[in-house]
Amino acid sequence: MVRTASVQPLFDAPAAVAPGGASAVLTVDLDALVDNYRLLRDRFTGAACAAVVKADAYGLGAERVAPVLARVGCRHFFVAHLQEGLALRKILPDEAAHETEIFVLNGLMPGAEATCLDGRLTPVLNSLAQVDAWAALGRRRGEALPAVLQVDSGMARLGLAPAEVDQLERDPARLGGITVRAVMSHLACADEPDHPANRAQLAAFETLRRRLPPAPASFANSSGIFLGPDYHFDLARPGAALYGVAPVPGWPNPMRAVVRLDARVIQTRWIAANDAVGYGHTFRASGPTRIATLGVGYADGWLRSTGSLGRAYVGDRALPIVGRVSMDSLTLDISALPADMLEPGDFVELIGPHQSVDDAAKAAGTIGYEILTSLGGRYVRRHIGG
Ligand SMILES: *Cc1c(COP(=O)(O)O)cnc(C)c1O
């Protein structure tokens with residue numbers, strides 16, 4: 001097909017890996033992931049940098065992401081659910097397995113204690129009931145079981161409330177049967193460096209952890225690392241920044257892009273002035289308009305709320321999404337392109353060098369985290385590097 005010289009060649013590599021007429025290719029750059037891990041580890045002044053790989057490594061594929069990070073020295077992984085932890089245990093390379101710890105952030109569901117222990121997972125204990133259940137299992141098994149104690153320093157989501165910490169301070173025997181691997185807490189506003197809650201949570205965390213047995217402390221998520229060394233403590237827990245999301249919104253993003261999403265054109269057409277496009281007829285052409293339909297929709301995580309604020313790119317050329325995003329497709333106004341550009345099968349960029357995950361999130365009125373974790377199961381996934 002003839003390409004017009006003024007437009008950069010399309011990213012053509014996905015064509016080779018789009019079997020069965022797949023209509024979009026999600027590329028995950030594992031080298032960029034490793035660079036991001038190293039950057040965070042270098043910035044972090046504490047002892048160890050973990051990786052948060054919950055929700056299938058924020059949608060990018062824990063099976064590919066975790067072993068690559070283990071290979072460059074990551075020895076602490078956080079998941080949210082017990083099932084994620086069990087799956088991750090099977091994925092991690094054997095040579096690192098015995099020294100790799102997997103922490104389950106959401107804590108222990110009643111009755112799940114033995115599964116957690118036998119799966120070689122370390123629970124994050126979020127309540128006295130969880131502390132008691134884990135300690136009881138330790139006593140039954142005749143060994144001290146590893147656990148992280150989470151304290152609530154002011155987010156009111158997970159963790160021991162100050163009154164529960166008081167109870168543990170008064171009755172330390174309750175922790176008999178438990179080896180406290182770390183005391184942790186989580187910041188609610190770390191992505192807003194000037195938010196007063198950051199200092200308040202830091203002060204609360206300092207106070208609460210002193211009431212518990214001495215143990216390494218873990219406080220900073222991705223954004224927390226960028227709040228400076230006061231917030232670092234011993235073990236960092238970055239997630240989003242590993243995957244390229246800007247840790248400090250509004251500042252230049254120091255992270256490399258890890259994800260690229262290229263969608264294929266499935267049909268093109270000319271419409272006339274006053275013709276409407278898509279559900280609800282929310283877009284009406286003001287003149288002759290060329291429309292391209294892409295095979296990506298909200299079922300693929302291209303959020304419906306993106307609507308007409310979203311765009312796609314062909315080379316440097318931004319093309320507006322027009323009309324509502326459908327479940328399996330969306331429509332672009334491609335009138336700005338030369339008439340011979342874009343045919344069914346051609347790729348356009350939805351996420352890539354011209355439009356970051358954060359840009360896509362902004363158009364959808366959300367955050368990069370939600371864009372990544374929404375990425376659907378219908379893409380051909382291609383992992384490069386690593
Ligand atoms: C998800 C999560 C993280 C990772 O946060 P990012 O902002 O993605 O770096 C760290 N700690 C806890 C408790 C979490 O739930």
Side-chain angles (χ1 to χ4, degrees), residues 33 36-37 39-41 43-44 46 48-60 62 65-66 69 74 76-82 84-85 88 101-108 121-127 130 147-160 181-193 195 197-198 201-202 204-205 208-209 216-227 231-249 251 253-256 258-259 357-358 361 366-375:
L33 171 82
N36 288 344
Y37 178 71
L39 186 149
L40 293 167
R41 191 171 60 185
R43 280 230 165 203
F44 183 61
C49 187
V52 180
V53 294
K54 60 193 181 187
D56 201 23
Y58 290 47
L60 305 195
V65 162
L69 293 175
C74 183
H76 306 85
F77 291 90
F78 284 85
V79 295
H81 293 271
L82 182 69
E84 292 179 326
L88 183 60
E101 249 183 303
I102 299 174
F103 304 97
V104 182
L105 286 167
N106 277 7
L108 276 173
L121 307 178
T122 304
V124 173
L125 302 177
N126 291 318
S127 69
Q130 291 177 15
V148 171
L149 296 179
Q150 177 158 221
V151 296
D152 176 21
S153 59
M155 189 175 178
R157 184 180 72 169
L158 285 171
L160 298 156
R181 299 283 296 124
V183 174
M184 68 167 267
S185 194
H186 191 50
L187 287 156
C189 307
D191 58 341
E192 298 174 60
H195 202 295
N198 294 323
Q201 281 198 265
L202 178 60
F205 182 54
L208 290 168
R209 70 183 281 256
S218 177
F219 196 46
N221 65 337
S222 301
S223 302
I225 293 173
F226 292 84
L227 290 176
Y231 291 80
H232 285 185
F233 297 92
D234 303 298
L235 177 68
R237 306 187 308 272
L242 287 172
Y243 312 115
V245 172
V248 190
W251 290 20
N253 185 0
M255 314 315 301
R256 283 186 63 190
V258 176
V259 174
V357 169
D358 292 301
T366 183
I367 55 176
Y369 296 65
E370 192 178 22
I371 296 295
L372 291 181
T373 56
S374 299
L375 294 168

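Computed from a prediction, not measured in an experiment: that's the story for all the values here. In each ligand, atom 1 is the first atom listed, and ligand 1 is the first ligand listed.
- Tested against Tyr369 for a side chain to side chain contact (heavy atoms under 4.5 Å, CB included), the candidates Thr366, Leu372, Ile367 yield a single pass: Ile367.
- Closer than 4.0 angstrom to ligand 1 sit non-hydrogen atoms from Val52, Lys54, Tyr58, Leu105, Arg157, Met184, His186, Asn221, Ser222, Arg237, Pro238, Gly239, Ala240, Tyr369.
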Residues Leu40, Phe226; criterion side chain to side chain contact (heavy atoms under 4.5 Å, CB included); working and verdict: CA-CA 9 Å; Leu40 293 167; Phe226 292 84; 3.7 Å; yes
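- Taking the six-membered ring for Trp and thresholds of 30 and 60 degrees, Phe103 and His76 have nearly parallel ring planes, at less than 30 degrees apart.
- Atom OG of Ser185 is separated from atom CZ of Arg209 by 11.5 Å, given to the nearest 0.5 angstrom.
- Side chains of His186 and Leu158 form no contact here, defined as non-hydrogen atoms less than 4.5 Å apart.
- Among residues two or more places apart in sequence or in another chain, the ring-ring contact (aromatic ring centres under 6.0 Å, His included) test is passed with Phe205 by Phe219, Phe233.
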